[in-house]
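A quick write-up on the structure given underneath.
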Amino acid sequence: MSSSTSSSKASVDTEALGGGADAVSGKRGGKGSRLFLLSMAGGLVASAAVATALPESWVHTPPEFGMAEAFEDHVTAACAAKARPELLIIGDSRAVAGVSAQEIAKAGISVEKFALGGSGIFTGWAVLDRLIDCGARPEKVVMAYGGVHVLDTGAMMDRTTNYDLLKGPRASHAFAMASEWEESTPRRLAYKAMSIAGSDITLVDLVLLQPALRHILEQPPAAVANSSGNEKERASFLASAGDRFYGQANGTSDLPDEKQYTADRTVPRINREASAAIAQLGRDNGFEVLFYLLPVSETAKAKLLPELFATVQGFRGELDGLGIRAMNDVWTLPDADFGDPSHVNAAGRKKVTDDFLARLATGELAVGRRADETGDAVSLAAQEGEKVGQ
Amino acid sequence: MLFHTHLFIFSFLPVALAAFFIAAKVNKRLPIFVLIAASLIFYAYWMPEVTLLLLGSIVFNYLAGLFLQSDRPKSVRRLAIIAAITIDLGLLAYFKYANFFMGTLHSLTGLGPGPLDIILPIGISFYTFTQIAYLVDSYKGEVKERSFSSYVLFVTFFPHLIAGPVLHHKEMMPQFADPNTYRFNWLRITLGVLLFAIGLWKKVVFADTMAPWANETFNAADAGVIPEFYTAWGGSLAYTLQIYFDFSGYSDMAVGLGLMFGIVLPINFDSPYRSLSIVDFWRRWHMTLSRFLRDYLYIPLGGNRNGDLARYRNLFLTMLLGGLWHGASWLFVVWGALHGLYLIIAHLWGQAGLSLQRFVGKTAAPFAGWALTMLAVIIAWVFFRATTIGGAGDMLGGMAGTNGADPAVFMSFLADPRLWGVGSPIIVMLAAVLLPNSMWIVKQAERVLTDNRRMAILGGGLVAGFATFAGLIFIGAQNEFLYFQF
């Protein structure tokens with residue numbers, strides 16, 4: 001540029017960066033290079049091993065991981081007690097917020113609720129399969145879901161970046177079924193690999209852990225906050241029998257997660273297959289299976305695509321054929337009953353739980369035994385008091 | 001396709017490398033065609049239709065080059081080169097500057113439709129400049145290698161295609177003709193992997209973690225909010241670091257990839273933020289563009305041959321056009337003009353026999369020189385980053401303290417948990433100014449590997465493995481390289 005820059009060093013430097021005679025000839029440096037690459041690969045593998053072995057409550061952000069840990073505690077306890085509740089509920093975050101296990105227990109029904117955010121129909125089946133396998137024997141099982149989880153692919157890898165839901169001795173079987181029922185080829189292959197080798201060896205855990213690891217590498221103090229937040233959430237979610245609010249606003253006019261879907265959205269195959277498998281578990285183990293649809297806000301009903309509700313309603317109609325009794329249709333609550341666009345607040349929960357109990361009663365569920373009569377330690381723990389808006 | 005994606009690192013690159021070395025076993029020239037195919041796939045992944053423009057440009061310039069290399073009369077060849085360069089610059093002007101000129105015309109006079117909806121083909125500035133240099137050298141009779149396949153690879157070679165380094169055919173074509181290039185070479189592959197890993201770290205750990213700090217402040221300023229003193233300086237410093245690590249990280253990855261394929265690309269950065277003067281800065285920043293502008297703009301304009309006044313005019317024009325090369329915006333023009341002025345002042349200072357030593361003493365002079373240079377560079381970056389002249393003015397106003405200085409802002413910065421992370425602004429700043437640069441590291445590595453110093457190799461390999469893992473963990477934000485837009 002100027003005369004001063006005429007000595008610019010921008011050129012192929014033959015004495016450096018692999019341009020030297022040794023490098024060009026390839027006669028020297030081969031041994032050292034192979035050792036370096038081997039050592040580098042060792043460093044990569046060691047780092048991956050350390051990352052996988054890190055305590056997950058330090059890595060994942062609350063509240064999801066704490067809730068998932070409490071969920072796992074609950075499953076373990078139910079298995080240990082070979083729980084025999086009158087009612088076992090599987091469901092998603094809308095069931096977490098809307099169908100109160102504590103209120104149902106107060107109504108005299110022994111209940112175990114296994115609902116978790118992001119847990120679709122497939123993961124509901126997997127949890128139920130695991131519970132039945134370990135000796136739990138419910139009298140009735142309710143699948144409690146919002147429309148979003150009828151339409152969602154139920155892809156574990158999309159929604160479980162904050163926790164692993166499929167655990168325990170039946171995890172391999174669950175992944176094998178997922179690989180059979182999944183429509184997406186890459187996911188099918190990934191699930192198959194996990195069914196054979198597990199999620200650690202296949203590096204799926206590590207891949208799912210990536211955003212969380214990045215977060216704590218960016219902000220190491222967050223690890224301490226994660227740990228304490230997750231432990232608090234774990235205790236609280238367990239104590240409240242899986243009841244939790246996501247938002248505590250007095251109403252919302254925003255749209256829920258279904259807004260992401262287009263009119264041509266159909267019910268994914270995995271959801272139909274998992275529903276059929278749940279019904280089969282019912283037939284094999286002598287329990288009735290019911291399906292309860294959680295409400296949407298009036299604004300959501302007015303503004304979301306009507307085709308989506310028609311698809312959900314259509315799926316509800318198909319359940320009879322599978323041997324699953326649908327308890328209700330698509331329904332709404334006023335916007336004021338929602339704490340966020342997808343989940344009800346305290347007022348909404350009361351209405352949902354009242355509606356749920358009323359429909360159970362008309363379904364001639366044997367009401368009368370209290371939870372404490374079952375001797376189920378898990379349910380007893382649940383009655384220590386509901387914590388609103390944790 | 002971006003270098004810092006899982007798709008590139010775990011799929012494209014291994015397949016391309018394997019195909020390249022397998023092809024080298026089969027036939028001497030086959031690896032060239034494998035690399036061309038890989039490069040076109042790499043380019044077309046973004047937008048297939050503009051690949052035709054790239055191919056058209058290559059064919060046109062190659063044919064024009066052959067014509068210019070012929071023994072036709074000089075007057076004919078002179079007309080031909082003017083026509084060819086006009087067509088090249090016309091295409092560049094259409095795709096890169098038509099929106100800008102139509103928008104300016106419309107805003108000044110109300111004439112015309114305003115900005116047009118033209119998509120900027122990625123890398124057009126780089127491949128146009130590269131080929132203009134080829135045309136000029138063809139005209140001068142300095143082109144020796146005429147193989148079409150080598151020419152296509154010279155332009156399309158994917159490590160440099162979309163954001164440089166700006167290559168010169170003289171340094172590339174002989175490598176394509178050299179059979180050593182296609183031999184499997186552990187040393188070059190290892191150095192390439194190391195350099196790629198360093199570049200990846202610079203991009204995803206350093207540059208991308210600086211981006212939010214910079215974006216927040218500049219976006220607010222562009223929206224009309226005058227930042228207070230600490231916020232303004234924090235934002236401009238963050239951008240200063242972001243652009244360096246983003247672009248030098250990209251360049252390291254490009255050079256590293258070249259080495260993996262046995263091809264040595266020119267280095268592009270040499271610790272520019274250690275410069276003690278603005279002249280020094282331009283010897284270290286985007287060195288291949290500086291070289292191009294010097295050889296194909298400054299010297300043809302007359303360089304320093306016609307007296308001081310002409311020299312300063314040429315210098316200023318070169319920097320102004322260098323600014324405009326970065327993008328169609330008055331802000332880039334201001335950035336180029338500022339650097340032109342800085343260089344003129346620096347030369348006048350030198351000619352007047354002035355020296356910082358006289359003002360601050362021998363010991364403090366380097367620090368004062370460094371601080372002055374950085375101040376000038378940071379002020380210029382404000383114009384480079386802002387999207388409106390008003391936003392740049394607000395940022396500079398904030399840096400000058402026109403909106404006050406709130407110590408609470410500084411205290412909240414000190415309490416920010418990101419300060420303890422691997423991409424901490426303090427670590428990033430130290431890395432830019434004090435730590436050895438990637439070129440130094442790779443030079444040392446080459447020595448250690450050829451000497452087979454086992455302990456150093458094992459230790460270095462492990463550290464590289466840990467760092468690469470962290471780099472891979474940081475992939476995901478998918479911030480594009482800043483220089484993709486230029």
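Here is the naming used below: chain letters follow the sequence lines, and residue numbers restart at 1 for every chain. Bear in mind that the values here come from a model prediction, so they are computed numbers and not experimental data.
- Of all the listed residues (A222(A), G32(A), S47(A)), the one sharing the greatest number of non-hydrogen pairs under 4.5 Å with chain B is S47(A).
- No option in V45(A), L44(A), V50(A) other than L44(A) meets the side-chain contact (heavy atoms from CB on, under 4.5 Å) test with F469(B).
- No more than 12 heavy atoms of other residues, nucleotides or ligands shown are found within 6.0 angstrom of CD1 on I201(A).
- Within the 4.5 angstrom heavy-atom criterion, only side-chain atoms of L206(A), from C-beta onward, approach chain B.
- For the atom pair CZ (R34(A)) and CG (N452(B)), the distance works out to 9.5 Å, reported to the nearest 0.5 Å.
- Contact record, P221(A) with P417(B): CD-O, 3.8 Å, taken as the closest heavy-atom pair.
- In terms of heavy-atom pairs under 4.5 angstrom with chain B, the leader among L213(A), I216(A), L217(A) is L217(A).
- Of all heavy-atom pairs spanning G42(A) and L462(B), the tightest one is C-CD2, 4.2 Å.
- Side-chain contact between L37(A) and W186(B) is present, with at least one heavy-atom pair separated by less than 4.5 Å.
- Put simply, the side chain of E218(A) never gets that close to the backbone of F474(B): no donor and acceptor are under 3.5 Å apart.
- Neither the backbone nor the side chain of A225(A) comes within less than 4.5 Å of any heavy atom of chain B.
- Contact between F466(B) and A46(A) at its shortest, heavy atoms only, is CE2-CB, 4.1 Å.
- Taking every heavy atom of both residues into account, F36(A) and A464(B) meet most closely at CZ-CB, 3.9 Å.
- Atom-to-atom distance recorded for K31(A):NZ and T450(B):OG1 is 14.0 Å, nearest 0.5 angstrom.
- Heavy atoms of A48(A) lying under 4.5 Å from chain B belong to its backbone as well as its side chain.
- What you find for S33(A) and L187(B) is that their closest heavy atoms are OG-CA, 3.2 Å.
- Note: T190(B) OG1 to L38(A) CG = 11.0 Å, rounded to the nearest 0.5 Å.
- In terms of heavy-atom proximity, I473(B) sits nearest to Q210(A) at O-NE2, 2.9 Å.
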